[in-house]
Amino acid sequence: MPSLKSHVVSFVLRHSRKQAFSSPENLQRWIAAARKTEDHHPPAALQQRYDIQTRTVDGFPVYEVAPRAGEHKRILYLHGGAYVFEITPYHWYLIADMAERLGYGITVPIYPIAPEHDFHAMFGMVGAVYRQMLEEMEAEEIIFMGDSAGGNMAVVLTMMAAEEGLPLPSRHVLISPGLDVSLANPEVFEAERNDPWLGIAGGREAIRLYSAGMDPTDWRISPVYGELSVLPKTLLLTGSRDLLTPDNLIFAQKARAVGVEVELVYEEGMFHVWPLIDMPEARRARQHIVAFLSESPSPIVQGTAARFKAPSEEAAEQGLRSEYPG
């Protein structure tokens, strides 16, 4: 049964963020408002605790988050935001939690977003980041993790690397990814009614802004139509109240059919990118991620998530009205 906290967050989302995705005009208004307040810097509390270095690639920041213990693997984290919103504190607290519990370094590109930039600029930048990572370490030590639009980017980036003949990452962690923008699956329209967050009309506008005129079934924006056999072992987390879930289930089925090992976490009652928000279901999801990526054989890995909780419930609810964590 979904927790009380999840019901509260769902209520807040339905009466706030859902409006952003209700029409193209509303999405444009939310983008304009977001540009006045967005700040890609990690929260001050995390900057004090971690060694966080910054560099630039193609003129955009790339953060390197180092844990206290020596790192032996690296995660390339691609944040969500419908390709039009910037990284948020919700992302940063998840990133910090993963760095702490896994002991891995995490590379966080603040990639160019739409409408100021498009697909080509986004993947030009993140592709360059990945090539730099390959100069520093072996591909089997690299993991791609992404939420929402970032989950899409993780899959597409791997497919693009395969096409270029580059070494591929060892694993994927995909949190509520958007893997098919074609709307070919009629179940998506039914799922929209139960989704307290996302809407098709605003989502279409976001795709239009970033997709550089590509056909919706082009694998570069809808990777479910791409060569799935090149993908590594994958953890896919998706919830029953997310309009992206019907396509995620199809993706998992198709990937397994071509030999990809896919571990699917389907959480009943959960909305889009729920692992980013501090609540019982998110803590359970993070345990899945840590167990999937940890070298320890134990299915449950004790961590220190409580140290890195997002803002208080009241502050988080306020933040959900103005930020897009997924």
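- Seen from the ring of Phe85, Arg17 counts as a face-on cation partner, given the 6.0 Å and 45° thresholds.
- Counting only distance, with no hydrogens or angles, the side chain of Arg171 and the backbone of Phe292 share a donor-acceptor pair below 3.5 Å.
- Listed here is the closest heavy atom pair of Val262 and Arg256: O-NH2, 2.9 Å.
- No more than 12 heavy-atom neighbours from other residues, nucleotides or ligands sit within 6.0 angstrom of CZ on Phe11.
- A cation-pi contact, defined as under 6.0 Å to the ring centre and within 45° of the axis, is absent between Arg220 and Phe123.
- Residues Thr217 and Ser182 bring no donor and acceptor atom of their side chains to less than 3.5 Å of each other.
- Annotation: side chain of Val155 is in contact with side chain of Leu179 (closest heavy-atom distance under 4.5 Å).
- Nearest heavy-atom pair, Arg204 versus Leu183, reported as atom, atom and distance to 0.1 Å: NE-CD1, 2.9 Å.
- At most 12 heavy atoms of other shown residues, nucleotides or ligands fall within 6.0 angstrom of atom CD in Glu138.
- Applying the side chain to side chain contact (heavy atoms under 4.5 Å, CB included) test between Arg241 and each of Pro2, Pro196, Ser6 identifies Pro196 as the sole match.
- Atom OH of Tyr130 is separated from atom CG of Leu76 by 9.0 Å, given to the nearest 0.5 angstrom.
- The nearest pair of heavy atoms linking Pro275 to Ala285 is CG-CB, 3.7 Å.
- Using a 4.5 Å cut-off on side-chain heavy atoms (C-beta onward), Leu27 and Phe21 make contact.
- Without hydrogens or angle criteria, Thr234 side chain to His172 main chain gives no donor-acceptor distance under 3.5 Å.
- Look at Arg74 and Glu136 and you find no salt bridge, because none of the NZ, NE, NH1 or NH2 atoms lies under 4.0 Å from a carboxylate O.
- No more than 12 heavy atoms of other residues, nucleotides or ligands lie within 6.0 Å of CD in Gln253, so this atom counts as exposed by the packing criterion.
- If you take OG1 on Thr158 and CD on Glu163, they are separated by 13.0 Å, rounding to the nearest 0.5 Å.
- Side chain of Ser170 to main chain of Ile143: no donor-acceptor pair is present (N/O by atom type, distance under 3.5 Å, no hydrogens or angles).
- There is no side-chain donor-acceptor pair under 3.5 Å between His7 and Ser10.
- To the nearest 0.5 Å, atom CD of residue Glu64 and atom OG1 of residue Thr54 are 9.0 Å apart.
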* **Residues Arg55, Gln132; criterion side-chain contact (heavy atoms from CB on, under 4.5 Å); working and verdict** => CA-CA 12 Å; Arg55 56 191 170 90; Gln132 289 180 3; 2.4 Å; yes

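- Counting non-hydrogen atoms of neighbouring residues, nucleotides and ligands closer than 6.0 angstrom, the CD atom of Glu116 exceeds 12 such neighbours.
- His272 and Asp195 are not linked by any side-chain donor-acceptor pair at a separation below 3.5 angstrom, with hydrogens and angles left out of the test.
- With hydrogens and angles disregarded, no donor-acceptor distance shorter than 3.5 Å links the side chain of Ser176 to the backbone of Ser148.
- The closest side-chain heavy-atom distance from Val173 to Leu237 is below 4.5 Å.
- Heavy-atom neighbours of Gln47 CD from other residues, nucleotides or ligands within 6.0 Å: above the threshold of 12.
- Checked against the 6.0 Å centroid threshold, His40 and Phe60 do not count as a close aromatic pair.
- Residues Arg29 and Gln19 fail the side-chain proximity criterion, which asks for heavy atoms closer than 4.5 Å.
- Val258 and Leu264 end up in the same hydrophobic cluster when Ile, Leu, Val, Met, Phe, Trp and Tyr side chains are linked at under 4.5 Å.
- Separation of atoms CZ (Arg131) and CG (Leu166) is listed at 7.0 Å; rounding is to 0.5 Å.
- Using a 4.5 Å heavy-atom threshold, the side chains of Pro177 and Leu236 count as touching.
- Counting only heavy atoms from C-beta outward, the side chains of Ile250 and Asp180 never approach each other to under 4.5 Å.
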For Asp247 and Val224, run side-chain contact (heavy atoms from CB on, under 4.5 Å): C-alpha distance rounded to whole Å, both residues' side-chain angles, the deciding distance at 0.1 Å, then the answer.
CA-CA 8 Å; Asp247 291 330; Val224 71; over 6 Å; no

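- Across Leu293 and Met145, no two heavy atoms sit closer than the pair CD1-CE, 3.8 Å.
- Looking at Ile175 and Leu94, their side chains come closer than 4.5 Å, going by heavy atoms from C-beta outward.
- Side-chain atoms of Asp242 never come within 3.5 Å of backbone atoms of Val273 as a donor-acceptor pair (strictly under, hydrogens ignored).
- Here the closest heavy-atom approach between residue Trp30 and residue Ser16 is recorded as CZ2-O, 3.6 Å.
- The side-chain contact (heavy atoms from CB on, under 4.5 Å) test applied to Glu192 returns Lys18, Ile200, Leu243, not counting sequence neighbours.
- Aromatic ring orientation, Tyr210 versus Phe119: tilted (interplanar angle from 30° to 60°).
- To the nearest 0.5 Å, atom NE2 of residue His91 and atom CG of residue Leu78 are 10.5 Å apart.
- The aromatic rings of Tyr111 and His79 lie parallel to each other, their planes meeting at an angle below 30°, with 60° marking the opposite boundary.
- Using a 4.5 Å heavy-atom threshold, the side chains of Tyr50 and Ile95 count as separate.
- Here the side chain of Glu187 pairs no donor or acceptor atom with the backbone of Pro246 at under 3.5 angstrom.
- Remark: side-chain polar atoms of Lys5 are paired, donor with acceptor, to backbone N or O of Asp278 under 3.5 angstrom.
- Nearest heavy-atom pair, Thr245 versus Tyr266, reported as atom, atom and distance to 0.1 Å: CG2-CE1, 3.7 Å.
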**Message:** Checking Trp274 against Met279 for the side-chain contact (heavy atoms from CB on, under 4.5 Å) test, could you report, in this order, the C-alpha distance in whole Å, the side-chain angles of both residues, the deciding distance, and whether it holds?
**Reply:** CA-CA 8 Å; Trp274 83 94; Met279 55 187 187; 3.6 Å; yes

**Asked** Please walk me through it: do Leu102 and Ile75 pass side-chain contact (heavy atoms from CB on, under 4.5 Å)?
**Response** CA-CA 10 Å; Leu102 290 163; Ile75 294 172; 4.1 Å; yes

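- We find the CG-OG distance between Asp218 and Ser211 to be 9.5 Å, quoted to the nearest 0.5 Å.
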